[in-house]
Protein chains: 2
Amino acid sequence: MTDGTGATGRLTARAREIVAAARDLLEESGPAALTMRTLADRLGIKAPSLYKHFPDKHAVEVELAAQMLEESAEALETAATRTPGSLEELARAYRTYALSHPHLYCLATERPLPRASLPAGLEDRAALPLLRACGGDLDLARATWAFAHGMVVLEIHGRFPEDADLDAAWKRGLRALHP
Amino acid sequence: MTDGTGATGRLTARAREIVAAARDLLEESGPAALTMRTLADRLGIKAPSLYKHFPDKHAVEVELAAQMLEESAEALETAATRTPGSLEELARAYRTYALSHPHLYCLATERPLPRASLPAGLEDRAALPLLRACGGDLDLARATWAFAHGMVVLEIHGRFPEDADLDAAWKRGLRALHP
DNA sequence: GGTCATGGCTAACGGCGTTAGCTAAGATGC
DNA sequence: GCATCTTAGCTAACGCCGTTAGCCATGACC
């Protein structure tokens, strides 16, 4: 188990404050509200001062993506520990986490993974619980991940019909992928 | 079969030229390159003139999303006609279309569906081939759609490991969902 | 106590979407 | 055939955005 931020040591204290404020802003008001000026405002400083701590806005967003990856990994690990081998519980944890942090989930997900800037091993760690639940079948794990990600983003972006029974679609997909 | 644009009659000729230029710009250079100024440039006019034809940039993007929906529906219908009942061929058509137009696919997909501005019935039409291939099982169709969408967007955004065998993951997922 | 790094600041640049207001050209009505 | 109105362009400008340059106070270090 980690410190929950994954950035202690990698970032200065002030940089972590900035990331925390950025996260609040993003989660409360969406990606359009996450501007360098409003972020600085929330910290009681001016926008250019942010560049003493991060080279550009993208670097802040990468930090947010890393948080999301780390936290979702933790959520999956917790579920796997509580109910070993249950893909249903893993899926529930994934869905719950993503829908609790929709803006963060999309920010972290809808662009290339910044592997170079990520803590070593984080990507594998996030994938491991699902891979184990799939008995080491890499193809099945990837297919299941795609299914879960697809369900979550389609739901977040309101692509399903209003009256769609998403619980039933989840059940049906999981039953097929993990009989 | 339609005219392939779906907008004849709904849009003026000039508006259709603008959408066509916007599409070229988007597909060639990505969403960041799609600005009102560069779009106007490509048409040999100035940015404010675009507002004589569309109320705002979003309206242009909605037109692009409608094109994507229409064309992917056509691709699926063609596949369903050529190889009736084959989910493999449907999936291949979906993947091929999305990967041939990645920026357009993401633009149309990574935001709420503008149902009010869409041609009537288009959403249902796009969903029908898959629903039929699933024997009318709505839950299975939605699960399969989520799987396919997840595979495509994760591939587009480079989220899978470099060496991942995506063909195998597609096969594995489809085999599970449609035994 | 002088030196230097830290972390603020103001002013400004170029690009964005968008609005206001002007105008040339063509269609329309009598 | 002329007046009128609509169309579709234009320039200028506004308020945002990310970002850079350059200045300055504070406090740590030898």
Could you state the atom-to-atom distance from [atom1] of [X] to [atom2] of [N] in whole Å?
X: B:Ile18; N: D:dG9; atom1: CD1; atom2: C1'; result: 11 Å
X: B:Leu43; N: D:dC10; atom1: CG; atom2: C1'; result: 15 Å
X: B:Met36; N: D:dC10; atom1: CE; atom2: P; result: 13 Å
X: A:Asp56; N: C:dG15; atom1: CG; atom2: C1'; result: 17 Å

Could you write out each protein N or O paired with an N or O of nucleotides 5-10 of chain C at a distance under 3.5 Å?
unit_1 : atom_1 : unit_2  : atom_2 : d
C:dG8  : OP1    : A:Arg14 : NE     : 2.9
C:dG8  : OP1    : A:Arg14 : NH2    : 3.4
C:dG8  : OP2    : A:His53 : NE2    : 3.0
C:dG8  : O6     : A:Lys52 : NZ     : 3.0
C:dC9  : OP2    : A:Lys46 : N      : 2.6
C:dC9  : OP2    : A:Ser49 : OG     : 2.9

- Query: With a 3.5 Å cut-off and just heavy-atom distances, do the side chain of B:Arg37 and the base of C:dG17 make a donor-acceptor pair?
  - Reply: yes
- Item | Side-chain heavy atoms of A:His53 within contact of A:Leu11, under 4.5 Å |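 Heavy-atom side-chain distance check fails, nothing below 4.5 Å.
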Return yes if a side-chain donor-acceptor contact under 3.5 Å exists between [X] and [Y], otherwise no.
X: A:His58; Y: A:Glu63; result: no
X: B:Glu27; Y: B:His101; result: yes
X: B:Thr78; Y: B:Thr81; result: no

- Look at the side chain of B:Thr38 and the backbone N and O of B:Ala33, then say whether any donor-acceptor pair between them is shorter than 3.5 Å. yes
- Query: Within the distance-only criterion (no hydrogens, no angle test), does the side chain of A:Arg159 pair as donor or acceptor with the backbone N or O of A:Glu155 below 3.5 angstrom?
  - Reply: no
- Message: For a quick check of understanding: with a heavy-atom distance under 4.0 Å over all strands, which category does A:Leu34 fall into, base, sugar-phosphate or nothing?
- Response: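 Answer is sugar-phosphate: A:Leu34 comes under 4.0 Å of backbone atoms only.
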